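Note that the structure is predicted; figures quoted are calculated from it, not measured. Note on naming: letters A, B, ... go to the chains in the order of the sequence lines (proteins, then strands), and numbering restarts at 1 for each one.
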Number of protein chains: 2
Amino acid sequence: MSQAVLESPIQADPPSLRPLDAFAGSLSQRVHASLKEAILDLTLRPGAILRKGEVCAALGVSRSPVAEAVARLAQEALVDVVPQAGTYVARLSMEEVREGAFLREALEIAAVEMVAGRVGAEQLAQLRRNLRLQEAALVDGDIGGFHAADALFHELILSFTGHRRLPGLSRTAWVHVDRARRLLLPTPGRVDETLEEHRAILAALEARDPEAARAATRAHLRQLVTRLERLVVERPELFAGNLGLPGS
Amino acid sequence: MSQAVLESPIQADPPSLRPLDAFAGSLSQRVHASLKEAILDLTLRPGAILRKGEVCAALGVSRSPVAEAVARLAQEALVDVVPQAGTYVARLSMEEVREGAFLREALEIAAVEMVAGRVGAEQLAQLRRNLRLQEAALVDGDIGGFHAADALFHELILSFTGHRRLPGLSRTAWVHVDRARRLLLPTPGRVDETLEEHRAILAALEARDPEAARAATRAHLRQLVTRLERLVVERPELFAGNLGLPGS
DNA sequence: AGCCTGCGACATGCTAGCATGTTAGCTGCG
DNA sequence: CGCAGCTAACATGCTAGCATGTCGCAGGCT
């Protein structure tokens with residue numbers, strides 16, 4: 001299915017990676033985190049070649065931890081490893097975007113339905129504090145801060161289920177969507193509506209209404225994908241060689 | 001069945017692993033698949049130590065692919081690696097069971113809701129064929145065949161979403177639940193009810209009723225976890241961490 | 001007799017080097 | 001001038017060996 005064809009030449013790859021001392025854990029995990037961050041930040045452009053030699057030279061480690069980190073990235077569909085040929089950063093694929101969005105929607109809807117029935121006062125207070133943070137960020141025009149608070153809002157709800165690995169799974173699933181957003185929708189736009197949708201989710205949780213929480217979460221999460229789908233029609237050239245375009 | 005893997009039968013710890021030639025892909029992937037199967041089959045008992053040296057000796061490969069495979073297993077929470085100390089097969093944990101069940105329920109509910117609106121005639125025919133397979137297996141008393149068809153039934157529905165990685169994710173999530181089932185509920189029981197629940201799901205899909213499909217799927221998936229939860233109350237000693245394995 | 005300490009062995013993690021398959025470029029030919 | 005075949009470099013995957021940290025046990029001390 002996913003053939004690693006590169007129709008466009010690859011630009012030079014400056015090894016601008018974050019030093020791995022900023023992360024914790026094993027060397028492999030640190031390398032993994034550093035590479036993942038770079039891929040999400042678009043520091044490593046989609047489709048760019050990712051030479052393991054370059055990586056281990058830039059980070060000052062050997063090839064084994066790099067290989068392990070790359071294997072984990074491949075499992076997350078963030079890189080595409082062609083045996084004995086090369087490793088490439090995953091291209092923007094609407095298929096992956098749809099799948100990631102589907103996954104996150106499934107997870108978050110299940111989470112809000114569950115949380116709506118058992119949410120506590122302290123948890124609601126956390127969400128309200130986070131919402132105030134979002135408002136403050138918008139007032140200050142701090143888009144980055146708003147996005148950080150946005151992510152935290154969703155992670156809070158997921159963590160309220162009591163399942164520890166859920167936030168990480170959701171984040172991994174969302175990576176492809178977020179990458180498409182950063183690359184294709186640089187304009188802030190819709191932050192006010194986003195805040196309003198967060199308020200709706202919180203209101204549903206405060207009312208302990210699973211149905212309303214589900215509807216609000218679904219509507220909220222589908223906004224971004226809808227905009228991206230629109231972009232597929234309007235500017236298909238951005239999704240080169242991915243969404244089953246006729247090619248010839 | 002060539003089991004010439006054992007060059008020296010005098011081994012204190014016989015890690016009876018399936019020969020990796022039965023799998024496809026890279027060596028690491030094959031090792032990963034073999035170990036995962038052994039863990040799911042309870043061939044590798046929960047809490048048992050998993051020496052990498054033993055593994056690479058039993059499979060005839062070096063330590064790098066084994067290390068990579070074990071890393072992936074750790075990412076799936078199937079093994080617990082203690083740095084410079086040892087690797088252990090994950091113990092049965094009701095937390096993991098609950099989380100895996102939650103995850104699979106979220107995925108499958110989202111899937112049936114989506115599929116109910118777009119299911120085609122050929123897909124319905126596939127599900128009906130699978131259901132006949134289940135019936136035949138029950139008539140023959142082939143419990144293993146029934147479970148295989150059961151798994152395929154769910155994978156079919158997931159694959160109908162068009163998302164390729166969904167079945168694998170669901171399977172990984174379900175591993176902990178299935179492991180608990182195999183160890184704690186060896187009695188077949190409830191196969192007739194299971195078949196009936198599958199019929200209900202199929203009926204909802206035939207009627208293109210997302211609500212009914214969701215309800216049927218949820219009821220179906222929660223049966224097993226409910227039984228396990230009951231076991232936690234009735235026989236808590238089974239979940240007291242170490243699951244009564246005679247290991248040294 | 002019980003506890004603490006020091007030592008031995010082990011298991012993992014990392015580093016360096018070799019085999020294998022692919023890809024790109026070049027040369028020769030039609 | 002275009003295409004096919006070949007050659008050479010390259011990137012990954014694997015194999016072997018070394019450093020690091022931990023766990024268990026024996027011995028001595030209180």
Side-chain angles (χ1 to χ4, degrees), chain A residues 2-13 15 19-21 23-35 44 47-75 78-90, chain B residues 7 11-13 15 17 19-21 23-35 44 47-75 78-90 242 247-248:
Chain A
S2 63
Q3 49 199 6
V5 281
L6 304 171
E7 59 279 319
S8 60
I10 300 309
Q11 69 279 10
D13 188 16
L20 42 73
D21 288 342
F23 305 94
S26 174
L27 259 187
S28 318
Q29 297 176 1
R30 273 177 283 186
V31 174
H32 172 79
S34 178
L35 285 173
L44 294 173
I49 193 168
L50 184 65
R51 273 176 276 265
K52 293 185 180 179
E54 293 281 341
V55 174
C56 69
L59 274 68
V61 296
S62 186
R63 293 208 295 271
S64 289
V66 174
E68 198 174 301
V70 169
R72 289 180 59 181
L73 292 172
Q75 195 179 357
L78 288 176
V79 300
D80 193 8
V81 180
V82 185
Q84 273 82 23
T87 306
Y88 304 92
V89 179
Chain B
E7 63 275 14
Q11 277 287 4
D13 194 14
L17 289 169
L20 40 75
D21 289 342
F23 305 94
S26 174
L27 259 186
S28 318
Q29 297 177 1
R30 273 175 285 185
V31 174
H32 171 79
S34 178
L35 285 173
L44 295 173
I49 192 166
L50 183 66
R51 274 177 274 267
K52 293 184 181 179
E54 293 282 339
V55 174
C56 68
L59 273 69
V61 296
S62 185
R63 293 209 299 268
S64 290
V66 174
E68 198 175 302
V70 168
R72 287 180 61 181
L73 291 173
Q75 195 179 356
L78 288 175
V79 299
D80 192 10
V81 181
V82 185
Q84 272 84 23
T87 306
Y88 304 90
V89 179
N242 195 341
S248 61

field: Spacing of B/Leu44 atom CG and B/Leu78 atom CG [to the nearest 0.5 Å]
entry: 10.5 Å

- request: Starting at atom CG of B/Leu59, determine the distance to atom P of D/dC14, rounded to an integer number of angstrom.
  value: 13 Å

- prompt: Rounded to the nearest 0.5 Å, how far does CG of B/Leu35 lie from CZ of B/Arg72?
  reply: 11.0 Å

message: For B/Ala74, give me all partners under side chain to side chain contact (heavy atoms under 4.5 Å, CB included), at least two apart in sequence or on another chain.
response: B/Val79, B/Val81

message: Could you tell me how far apart A/Ile49 (CD1) and C/dT22 (P) are, to the nearest whole angstrom?
response: 16 Å

field: Name of the residue among B/Val70, B/Leu27, B/Leu73 meeting side-chain contact (heavy atoms from CB on, under 4.5 Å) with B/His32
entry: B/Leu73

- request: Would you give the length of the straight line joining atom OG1 of B/Thr87 to atom CD1 of B/Ile49, rounded to the nearest 0.5 angstrom?
  value: 7.5 Å

Interatomic distance, A/Glu54 CD vs D/dT12 C1' [rounded to whole Å]: 15 Å

message: Could you tell me how far apart A/Tyr88 (OH) and D/dC10 (C1') are, to the nearest whole angstrom?
response: 11 Å

task: Report the end-to-end axis angle of the helix from C/dA1-D/dT30 to C/dG30-D/dC1; each axis comes from five terminal pairs, and the value is rounded to 10°.
output: 10°

field: Spacing between A/Gln84 atom CD and D/dC14 atom C1', to the nearest angstrom
entry: 10 Å

- request: Can you tell me the distance, in whole Å, between the CG atom of A/Asp80 and the C1' atom of D/dT12?
  value: 14 Å

First of B/Ser28 and A/Gly86 reached from the 5' end of DNA chain D, by closest nucleotide: A/Gly86

task: Using whole Å, report how far CD of A/Glu68 lies from C1' of D/dG13.
output: 14 Å

Residues 61-68 of chain B side chain polar contacts: donor-acceptor under 3.5 Å, at least two apart:
none

message: Testing the basics here: between B/Tyr88 and B/Gly47, what is the closest heavy-atom pair and its distance to 0.1 Å?
response: CD2-O, 4.0 Å

- prompt: Between A/Ala85 and A/Ser26, who's closer to the 5' end of DNA chain C by nearest nucleotide?
  reply: A/Ser26

Using the 3.5 Å cut-off, write out each protein N or O paired with an N or O of nucleotides 15-17 of chain C and the distance between them.
residue, atom, partner, partner atom, Å
C/dT15, OP2, A/Ser62, N, 2.9
C/dG17, O6, A/Arg63, NH2, 2.8

message: Does D/dA11 have OP1 or OP2 under 4.0 Å away from a side-chain N or O of A/Thr87?
response: no

